[in-house]
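See below for the structure under consideration.
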Amino acid sequence: MSSRKKIMITLIIILLLLTAGVYGYGVYYFTEHFLPGSMVNGFNCSYMTVSQSEELLTQKVGAYVLTIDTRNNGQESITAKQAGLSYDSDGSVDKLIRNQDRFTWFLAFDQHRNYEVSSSIKYDEQKTEAVISELKCMQQKNMTEPSDAHIEEKDDKFVIVPEQEGTALKPEKTSQDIIDALVTGRTPVDLEADGCYKEPKVYQSDEILTKNCELINKLTDVVITYDFDDCTETVDRDMIKNWLTTDENGLYTLDKKQIEAYISELAAKYDTVGTERTFNTYDGREITVSGGNYGWQIDQKAELKELTELIKNGETQVREPVYSHEGLVRKTNDIGYTYIEIDLTAQRMVFYKDGTPTADAQIVSGNPFVPNCATPVGCYTTGEMKSGCTVNGEDYPSAVNYWIPFDGNLGISDAPWRMDFGGQLYEFEGTHGSICAPSDQVQIIFSNVEKNTPIVIYE
């Protein structure tokens, strides 16, 4: 072997021995020292022994100041003295060093390891609780509760008002977050980033909130006017918004019961069948008449369906409600100026056409002294009129020229078999409840009335 090769081999061996020696020394050294890049409780303990690290921790803990960042760029602090903070060795640092991977120490020069030894950091619970409770951010007067995003009416539509985060803290979570920072040396503490603030439950991006805003704008963008001839009732945004409820999915829908209640109110106000009316007689008296079947009556079930559909479809319109019974005149005075007036006491019948008396006749009414034969009082409506027909009495058929029904089997007719009318004839020659009058006068009425003409009967 040449001398050159011997020298090369010798150098390699020396290099290997040196490397092994350095490696072995490193393993030995980092058995008692922290590896490079080791941070304990936020303090750099690289290359330090247990005693050196604990001495540093003791110094740093004594001088430690926790900075607390609050919402809206606020900042407060707590000192180690205020919290009664101290370092009390419990073997945690020694354990950290023993658990290091010292055999790969040569790979640790670019490492960054963060360790916490919270069990070695002691604090005075009473002092800490007191100083935390005295923080400005923890004062109730400085806290505003968060508010949910919600829908509000502005101008002519509904809009989503964004949520407000507020400054109200979660007391327990905030205290724990600050204590965790104190015992681990973490600073600053960002209360917002750590989720210590109370949060709104509903945000403006909420899917249901967005859909509900669209729904309420659609459902309330309609005006429905009920026409009662001389007065009106309006269903608009202000009313409909109070008829909204939520379904099982939390979405707005129309409350059927509230719409039913509204239609019921309309009926109570505008239905006139059987109601009490003030009436001016042919001889200038003012009387009160009630009962009978004449007048207007809203079909509440049908109108509920119609109104609900109109609102859902956004159909603005002027309409009359669906009626189950109709009179001749829709005004407040629904008797109007064309009607038949029957005075049972005077045994007189007067027919007014557009306010002008057109027929005036003595009559024979039902006999009030015979059971079930008295002519009923009230305001009745004319039915389908007939001419040249037979009227069935209780025990006989009678042929009449004109028949104007008004209450079931009762009606107004001529009486070809009678020669006399009026006076007290009804007391002993009375009908079974119908009204008989001379043919010429009944013919005038028959030729001028139409279906649903009111018949006012009184005593």
Side-chain angles (χ1 to χ4, degrees), residues 8 11-71 73 75-124 128 132 173-197:
M8 289 296 293
L11 290 173
I12 291 171
I13 291 172
I14 293 171
L15 182 60
L16 290 173
L17 290 172
L18 287 173
T19 301
V22 171
Y23 174 75
Y25 179 77
V27 171
Y28 168 77
Y29 182 82
F30 288 112
T31 299
E32 301 293 337
H33 296 76
F34 273 109
L35 291 169
S38 295
M39 304 290 291
V40 180
N41 281 21
F43 305 121
N44 189 356
C45 292
S46 301
Y47 307 105
M48 289 186 178
T49 62
V50 171
S51 59
Q52 290 172 333
S53 299
E54 290 184 337
E55 183 180 353
L56 174 65
L57 288 173
T58 300
Q59 294 174 352
K60 294 295 185 180
V61 167
Y64 174 78
V65 177
L66 172 62
T67 301
I68 303 169
D69 293 336
T70 59
R71 182 167 280 170
N73 298 318
Q75 194 173 78
E76 299 189 64
S77 63
I78 296 177
T79 65
K81 183 178 180 180
Q82 288 176 310
L85 210 61
S86 64
Y87 177 79
D88 184 10
S89 176
D90 64 352
S92 296
V93 173
D94 182 64
K95 187 175 180 180
L96 288 177
I97 292 178
R98 301 301 174 197
N99 289 336
Q100 291 183 123
D101 188 4
R102 60 185 182 278
F103 295 103
T104 59
W105 61 267
F106 54 90
L107 299 175
F109 291 100
D110 290 327
Q111 78 166 0
H112 295 283
R113 292 178 180 267
N114 293 306
Y115 301 105
E116 291 182 356
V117 287
S118 57
S119 61
S120 298
I121 308 300
K122 306 301 179 183
Y123 65 95
D124 186 307
T128 302
I132 291 176
K173 184 175 179 60
T174 303
S175 295
Q176 192 58 52
D177 191 38
I178 291 173
I179 290 172
D180 288 345
L182 288 171
V183 298
T184 59
R186 175 166 57 97
T187 190
V189 166
D190 189 332
L191 297 182
E192 185 165 16
D194 293 347
C196 294
Y197 285 95

With rounding to the nearest 0.5 Å, note down the distance linking CD1 in Ile121 to CG in Asp90.
9.0 Å

Taking atom CG of Asp69 and atom CD of Glu192, what is their separation to the nearest 0.5 Å?
10.0 Å

Strictly distance-based, threshold 3.5 Å: is any side-chain N or O of Tyr123 a donor or acceptor partner for the main-chain N or O of Ala80?
no

Do any N or O atoms from the side chain of Ser46 and from the backbone of Ser38 form a donor-acceptor pair under 3.5 angstrom?
yes

Salt bridge (Lys or Arg N to Asp or Glu O under 4.0 Å) partners of residues 13-24, not counting sequence neighbours, each pair once
none

Value rounded to 0.5 Å, distance of CZ in Arg113 from CZ in Phe34
11.5 Å

Between atom CG of Leu85 and atom NZ of Lys122, what is the distance when rounded to the nearest 0.5 Å?
11.0 Å

For Asn44 versus Met39, what's the shortest heavy-atom pair and its separation?
CA-SD, 3.5 Å

Taken in chain and number order and not counting sequence neighbours, the residues that satisfy salt bridge (charged side-chain N to carboxylate O under 4.0 Å, His left out) with Arg102 are none

On the 0 to 90° scale, with breaks at 30° and 60°, tag the Phe109-Trp105 ring pair as parallel, tilted or perpendicular.
perpendicular

Donor-acceptor contact present, side-chain Asp194 to main-chain Cys196, <3.5 Å:
no

Checking the side chain of Thr128 only, and the main-chain atoms of Ala83 only, is there a donor and an acceptor separated by less than 3.5 Å?
yes

Donor-acceptor contact present, side-chain Gln82 to main-chain Val65, <3.5 Å:
no

Under 3.5 Å donor-acceptor, Gln111 side chain and Pro36 backbone:
yes

Is the shortest side-chain N to carboxylate O distance from Arg186 to Asp177 below 4.0 Å?
yes

Quick one: pull up CD1 in Ile132 and OG1 in Thr174 and give me the separation to the nearest 0.5 Å.
9.0 Å

What pairs meet the salt bridge (Lys or Arg N to Asp or Glu O under 4.0 Å) rule with one or both residues in residues 21-36, with sequence neighbours excluded?
Glu32-Arg98

Quick check: do Ile68 and Leu191 have side-chain heavy atoms less than 4.5 Å from each other?
yes

Drop me the distance from Phe30's CZ to Asp101's CG, to the nearest 0.5 angstrom.
12.0 Å

Count the heavy atoms belonging to other residues, nucleotides or ligands that lie under 6.0 Å from CG of Asn99, then report whether that count exceeds 12.
yes

Might you point out which heavy atoms bring Tyr47 and His33 nearest each other, and give the distance in Å?
O-CD2, 2.9 Å

